[in-house]
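Quick note: residue numbers are just sequence positions, from 1.
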Amino acid sequence: MKLTWLGHGGFRIEIEDQALLLDPWLSGNPVFPEESRDAATKDATHILLTHGHGDHTGDALALSRETGAPLVGIYDLMGHWEATEGVATVGFNKGGTVHLGRVAVSMVAATHSSSLGSDAGPVYAGAEAGYIIRGEGHCIYVSGDTDIMADMAWIGEYHAPDIGILCAGGHFTMDMKGAAWAAKRYFNFKTVIPCHYKTFPILAQTADELVAGLPGVDVRTPNVMETLEI
């Protein structure tokens, strides 16, 4: 399995027969090198979206049209885009599982907000969510944008993920200290990868506090467009 950080909340996850793009915000992302766009999106099979905010969905429609990869996410937003934008989607909801080739993707809770921008202000975009991704003998928990929440208890016990992709930049989501506490309290991760940090000055600039808070856990802090093999 290969995981490539695209900056902010975005990842390319090559697992089983899939090349999944998770929240691929590329255009206007200050830490993403535009010259890497083709490499980041090559042969994408599906585009997973955790919620509607522009720093997660800003490239979704364009990339779906460019690559032919269906958008995958909360039913409300997927239904809206399929009807108004003519793109292929896979819409489901929390508690549901969809099979993308040989990969199983389950939607789980997050606690945040979700909207699309418009001239009239924010527009409802369905609920925010996280994901459980299973394949190649691994179970990945994608927190999406979230605070610490009690739902992490059953997610950790029921799904037993060995890899955590955790938002940890603070201000808009849990911070490094909170992410470390949640990882220890609710999960038994072998590997943790932080995200949603370093993009803007208002966010955490290093993951040092997360690393220090998770002794014995393999905390990976890749550079943008650096690929991890697990």
Side-chain angles (χ1 to χ4, degrees), residues 2-14 18-74 76-78 80-81 85 87-90 105 107 110 112-118 122-131 133 140 142-146 165-174 179 193-205 207 221-228:
K2 296 180 179 179
L3 297 94
T4 304
W5 190 33
L6 306 182
H8 204 54
F11 284 85
R12 176 186 173 93
I13 303 174
E14 298 174 52
Q18 299 293 296
L20 306 175
L21 300 183
L22 171 68
D23 287 350
W25 175 46
L26 311 180
S27 303
N29 181 339
V31 299
F32 180 79
E34 184 60 32
E35 65 272 17
S36 297
R37 184 182 181 94
D38 289 346
T41 62
K42 179 179 172 61
D43 298 326
T45 55
H46 292 87
I47 300 169
L48 274 64
L49 303 170
T50 61
H51 64 292
H53 291 158
D55 57 335
H56 295 257
T57 64
D59 286 270
L61 292 170
L63 286 175
S64 182
R65 293 184 178 113
E66 288 172 19
T67 65
L71 303 176
V72 182
I74 196 76
D76 313 63
L77 182 57
M78 296 303 100
H80 170 68
W81 272 345
E85 300 289 344
V87 293
T89 68
V90 178
V105 178
M107 187 181 290
H112 191 58
S113 61
S114 181
S115 61
L116 300 173
S118 78
V123 175
Y124 172 73
E128 63 277 14
Y131 290 112
I133 302 173
I140 306 169
V142 175
S143 73
D145 283 13
T146 192
I165 296 178
L166 306 179
C167 65
H171 195 83
F172 300 105
T173 72
M174 58 185 176
I193 305 167
C195 64
H196 215 278
Y197 75 112
K198 295 201 293 187
T199 323
F200 308 108
I202 202 171
L203 302 179
Q205 298 300 299
T221 57
N223 295 316
V224 175
M225 286 304 295
E226 180 181 349
T227 298
L228 305 176

Does the side chain of [X] reach to within under 4.5 Å of the side chain of [Y], using non-hydrogen atoms?
{"X": "Leu21", "Y": "Thr45", "value": "no"}
{"X": "Cys195", "Y": "Phe11", "value": "yes"}
{"X": "Trp81", "Y": "Asp76", "value": "no"}
{"X": "Val123", "Y": "Ser118", "value": "yes"}
{"X": "Val90", "Y": "Leu71", "value": "no"}
{"X": "Pro222", "Y": "Leu228", "value": "yes"}
{"X": "Val72", "Y": "Thr89", "value": "no"}
{"X": "Leu48", "Y": "Ile133", "value": "yes"}

Practice problem: Determine yes or no for a side-chain-to-main-chain donor-acceptor pair under 3.5 angstrom, with Arg12 supplying the side chain and Lys42 the backbone. | Solution: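 Judged by distance alone, yes, a pair lies under 3.5 Å.
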
Quiz item: Counting distance only, does the side-chain N/O of Ser114 pair as donor-acceptor with the main-chain N or O of Gly126 below 3.5 Å?
Solution: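 Looks like yes, one N/O pair under 3.5 Å.
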
Self-check item: Set of residues satisfying side chain to side chain donor-acceptor pair (under 3.5 Å) with respect to Thr4, sequence neighbours excluded
Solution: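 If we apply the side chain to side chain donor-acceptor pair (under 3.5 Å) test to Thr4, skipping adjacent residues, the hits are Thr227.
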
Quiz item: Which residues satisfy the side chain to side chain donor-acceptor pair (under 3.5 Å) test with Thr173, sequence neighbours excluded?
Solution: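 Scan of Thr173 (side chain to side chain donor-acceptor pair (under 3.5 Å), adjacent residues dropped) gives none.
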
Which atom names give the shortest non-hydrogen contact between [X] and [Y], and what distance separates them?
{"X": "Ala168", "Y": "Ala204", "result": "O-CB, 4.3 Å"}
{"X": "Ala129", "Y": "Met107", "result": "CB-CG, 3.6 Å"}
{"X": "Ala88", "Y": "Ser64", "result": "O-OG, 4.3 Å"}
{"X": "Leu203", "Y": "Gln205", "result": "O-NE2, 2.8 Å"}
{"X": "Asn223", "Y": "Trp5", "result": "C-CE3, 4.0 Å"}
{"X": "Ala179", "Y": "Cys167", "result": "CB-O, 4.1 Å"}

Practice problem: List in chain and number order the residues that pass salt bridge (charged side-chain N to carboxylate O under 4.0 Å, His left out) with Glu128, two or more places apart in sequence or in another chain; answer none if no residue qualifies. | Solution: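 With neighbours one apart ignored, the set is empty.
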
Practice problem: Return each pair, listed once, that meets salt bridge (charged side-chain N to carboxylate O under 4.0 Å, His left out) where at least one residue sits in residues 45-60; pairs must be two or more places apart or across chains. | Solution: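 Checked against salt bridge (charged side-chain N to carboxylate O under 4.0 Å, His left out) - neighbours excluded - the pairs reaching residues 45-60 are Arg37-Asp59.
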
Practice problem: Provide the full list of ring-ring contact (aromatic ring centres under 6.0 Å, His included) pairs with a residue in residues 26-61, sequence neighbours left out, each pair given once. | Solution: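 Qualifying pairs: His8-His56, His51-His53, His51-His56, His51-His112, His53-His112, His56-His196.
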
Quiz prompt | Member of Asp23, Asp145, Thr146 meeting the side chain to side chain donor-acceptor pair (under 3.5 Å) criterion with Thr50 | solution =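 Among the candidates, only Asp23 passes.
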
Quiz item: Out of Leu49, Thr41, Thr57, which one pairs with Pro24 under the side chain to side chain contact (heavy atoms under 4.5 Å, CB included) rule?
Solution: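 It is Leu49, the one option of Leu49, Thr41, Thr57 that forms the side chain to side chain contact (heavy atoms under 4.5 Å, CB included) with Pro24.
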
Self-check item: Inter-residue atom distance Ile47.CD1 - Leu63.CG, 0.5 Å rounding
Solution: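 Rounded to the nearest 0.5 Å, the CD1-CG separation comes out at 5.0 Å.
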
Self-check item: Point-to-point distance, once rounded to the nearest 0.5 Å, from CG of Asp38 to CD of Glu66
Solution: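 Here the rounded value is 8.5 Å.
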
Quiz item: Does the side chain to side chain contact (heavy atoms under 4.5 Å, CB included) test come out yes or no for Arg65 and Glu85, once each step is laid out?
Solution: CA-CA 10 Å; Arg65 293 184 178 113; Glu85 300 289 344; 2.8 Å; yes

Exercise. Please lay out, stage by stage, how Tyr131 and Ile140 fare under the test side chain to side chain contact (heavy atoms under 4.5 Å, CB included).
Key: CA-CA 8 Å; Tyr131 290 112; Ile140 306 169; over 6 Å; no

Practice problem: Report the residues that fulfil side chain to side chain contact (heavy atoms under 4.5 Å, CB included) with Val31, sequence neighbours left out, ordered by chain and then residue number. | Solution: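 Expected list: Asn29, Thr199, Val224.
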
